[in-house]
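Input: a single structure, listed below in structure tokens.
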Amino acid sequence: MGAGMTRRVRVLVLNQYYWPGVEATAHLLSQLCEALAADFEVTVVTACLRDTAEAPERLERNGVKIIRVHSTVFDRSRLAARAANYVSFLAGSLWAGLGVPRPDVVLCMTDPPLIANIALPVARRFGASLVVITQDVFPEIAVQLGRLEQPLVVGALRRAIGFSLRRADRVVAIGDTMRERIAAKGVEPARIAVIPNWGDTESLTPLPTDNEWARSYGLDGRFVVMHSGNVGFAQDLDTLIRSSTFLRDLEDLSVMIVGSGARREILRSLAQRVAAGAVRFLPYQDAGLVSMSLSAADIHFVGLVRGLAGYVVPSRVYGIMAVARPLIVSADDESETARLVREVECGIVVPPGRPDLVAEAIREAHAGSYDLDAMGQRGSEFVRREATREVAVGRYRALIGELAGVLEPS
């Protein structure tokens with residue numbers, strides 16, 4: 001039992017994605033829950049999806065009890081199909097959540113966006129505290145991306161999500177700009193805690209650019225620009241692909257898009273249409289290969305569509321910094337990522353949606369105008385000092401202990 005704890009408490013966690021899923025939230029939440037299990041009894045209610053279909057519906061892993069509920073697994077590229085997946089999971093998670101032993105704290109991430117509206121009645125049923133971790137701000141993010149345009153639907157979602165957030169005991173934002181967005185939804189600022197995501201400094205370590213993974217894809221001796229993570233609507237990968245068309249004279253350039261998501265095939269078609277010959281697409285890499293794949297890049301691209309500052313925070317930034325690689329950030333100035341990279345001096349920031357400026361940054365990095373090694377080292381030092389899992393877990397542990405009333409006075 002952790003220092004300061006007078007009794008062990010029960011924590012119920014609700015989220016669609018969890019181990020062994022490859023999604024960012026699955027990885028982050030798995031790490032968080034397994035760390036919290038050292039102090040609390042942790043039960044996770046999650047979905048049984050394509051990549052978890054072979055996993056038992058109930059099991060215990062690394063001290064965490066996992067309950068999987070069945071939901072539809074339609075292609076997420078279509079909004080209606082994604083909504084069906086969400087609704088089926090929400091119904092199953094409500095039933096499962098009401099059937100667990102009484103929790104002291106109910107915790108949920110915002111995947112799916114309405115999960116807090118399920119977590120709220122579960123928490124009230126047991127007289128438990130509710131913590132909502134906002135990985136993105138919905139429906140505003142969907143509106144900004146043009147994915148939701150019907151005013152009645154947007155209004156209904158805004159009211160439903162605002163209702164649960166305003167009644168949560170704590171809302172966790174993963175950045176300062178996001179805290180401002182949440183407060184604008186009517187949540188009392190005193191109930192908003194800022195706990196950034198973290199870099200996995202245990203499994204992600206800096207390796208040479210010329211490593212086994214790089215050689216297996218013929219990247220040794222090449223200048224590699226990489227995007228690694230979700231290939232969706234928010235990442236502005238059109239800008240990265242189009243930037244490469246300004247750089248056809250750089251014969252050693254490789255632009256690697258590693259991951260999958262709703263826009264992968266659309267972006268492959270774009271790359272073919274604009275003759276972006278330097279661009280290659282690879283699927284998500286196995287966990288044991290990620291240090292090598294991330295380290296194979298000379299510089300990473302992190303894009304965020306214009307207008308999304310504070311509505312979503314790219315969590316992959318910390319993993320890139322953990323392997324001591326610099327970044328090109330294409331995002332609004334007020335975004336958490338742009339602020340962080342400027343503060344730490346671990347990369348280059350350009351406005352979003354400007355392939356010409358991304359190309360200019362790549363060309364200057366290729367020419368040696370920047371000390372890429374020094375940038376990467378500054379990022380690595382920052383992550384190990386300020387953004388490790390231990391730092392974040394300590395903050396979550398204190399928050400849960402406070403809400404459960406089991407922390408001794410300091």
Side-chain angles (χ1 to χ4, degrees), residues 24 134-149 173-181 184 196-197 225-247 255-259 261-264 266-267 270-271 273-274 276 278-279 281 297 299-321 325-366 370 375 379:
T134 53
Q135 292 291 323
D136 50 43
V137 181
F138 198 84
E140 288 79 3
I141 181 175
V143 173
Q144 290 290 333
L145 290 170
R147 299 283 286 160
L148 271 181
E149 297 178 344
I174 57 176
D176 290 325
T177 306
M178 183 175 284
R179 174 176 56 187
E180 297 168 8
R181 303 294 194 193
N197 289 335
V225 181
M226 182 180 291
H227 163 88
S228 182
N230 186 37
V231 184
F233 290 88
Q235 287 73 38
D236 195 22
L237 292 173
D238 305 62
T239 293
L240 175 61
I241 292 170
R242 293 183 185 280
S243 75
S244 71
T245 65
F246 293 88
L247 301 168
V255 178
M256 307 296 291
I257 297 178
V258 183
R263 298 198 71 240
R264 191 171 192 268
I266 295 172
L267 291 168
L270 172 64
R273 190 166 69 251
V274 300
V279 178
F281 291 82
I299 195 165
H300 282 259
F301 174 85
V302 176
L304 193 62
V305 169
R306 185 181 304 278
L308 290 189
Y311 294 123
V312 62
V313 180
S315 58
R316 65 187 180 279
V317 168
Y318 295 109
I320 295 166
M321 294 168 74
R325 291 299 182 270
L327 306 95
I328 295 174
V329 174
S330 173
D332 292 323
D333 278 341
E334 66 268 27
S335 71
E336 279 88 355
T337 305
R339 289 179 175 182
L340 174 66
V341 168
R342 282 203 171 103
E343 176 188 339
V344 180
E345 298 182 337
C346 61
I348 308 156
V349 179
V350 300
R354 291 291 304 272
D356 56 328
L357 296 183
V358 172
E360 181 181 333
I362 293 172
R363 185 178 296 280
E364 291 180 350
H366 178 275
Y370 302 104
M375 284 181 171

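As a basis for the values below, the full set of heavy atoms in this structure was taken, side chains included, without hydrogen atoms, waters or symmetry mates. As the structure is a computational prediction, the values presented were derived from the model and not from experiment.
In terms of heavy atoms, Cys346 sits closest to Met321 at SG-CE, 4.0 Å. Closest approach of Ala309 to Glu334, counting heavy atoms only: CB-CG, 3.6 Å. Residue Phe246 comes nearest to Arg363 through the heavy atom pair O-NH2, 3.0 Å, listed as atom of the first residue, atom of the second, then distance. Taking both residues in full, the closest heavy atoms of Asn230 and Gly261 are given as OD1-CA, 3.7 Å, listed atom of the first, atom of the second, then distance. Annotation for Leu304 and Pro314: closest pair CD1-CG, 4.4 Å, computed over non-hydrogen atoms. In terms of heavy-atom proximity, Leu247 sits nearest to Ala359 at CD2-O, 3.6 Å.
Within the 4.5 Å cutoff, the side chain of Ile348 has no heavy atoms near those of the Pro326 side chain. The closest side-chain heavy-atom distance from Gln135 to Asn197 is below 4.5 Å. Considering only heavy atoms from C-beta on, Ile328 stays 4.5 Å or farther from Leu240 through its side chain. Taking 4.5 Å as the limit, some side-chain heavy atom of Arg339 sits within range of a side-chain heavy atom of Asp176. Side-chain contact check for Arg181 versus Glu140: every heavy-atom pair is 4.5 Å or farther apart. Inter-residue side-chain proximity for Ile241 and Val274 is flagged as met; some heavy-atom pair is nearer than 4.5 Å. At least one side-chain heavy atom of Leu340 sits under 4.5 Å from a side-chain heavy atom of Tyr318. Side-chain contact between Phe301 and Leu237 is present, with heavy atoms from C-beta onward closer than 4.5 Å.
How far CZ of Arg342 is from OG1 of Thr337: 11.5 Å, rounded to the nearest 0.5 Å. The structure places CD1 of Ile141 at 11.0 Å from CG of Leu148, a figure rounded to the nearest 0.5 Å. Interatomic distance, Ser228 OG to Arg316 CZ, rounded to the nearest 0.5 Å: 8.0 Å. To the nearest 0.5 Å, the span separating NE2 on His227 from NE2 on His300 amounts to 10.5 Å. Atom CE of residue Met226 and atom CD1 of residue Ile299 lie 12.5 Å apart, to the nearest 0.5 angstrom. Atom CG of Leu145 sits about 5.0 Å away from atom CG of Leu308, to the nearest 0.5 Å.
Of the possible polar contacts, none joining the Arg263 side chain to the Asp236 backbone as a donor-acceptor pair under 3.5 Å is found. Between the side chain of Arg306 and the backbone N or O of Pro352 there is at least one donor-acceptor pair closer than 3.5 Å. Without hydrogens or angle criteria, Thr134 side chain to Val137 main chain gives no donor-acceptor distance under 3.5 Å. Asp332 places a side-chain N or O within donor-acceptor distance of the main-chain N or O of Gly307, the cut-off being under 3.5 Å. Judged purely by atom type and a 3.5 angstrom limit, Gln235 uses its side chain to pair as donor or acceptor with the backbone of Gly232. Side chain of Glu336 to backbone of Thr177: a donor-acceptor contact under 3.5 angstrom is found.
Relative to the six-membered ring of Phe281, Arg264 misses at least one condition, a distance below 6.0 Å or an angle of at most 45° to the axis.
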Item checked: Candidate pair Arg242 and Leu270, rule side-chain contact (heavy atoms from CB on, under 4.5 Å), full reasoning -> CA-CA 9 Å; Arg242 293 183 185 280; Leu270 172 64; 3.3 Å; yes
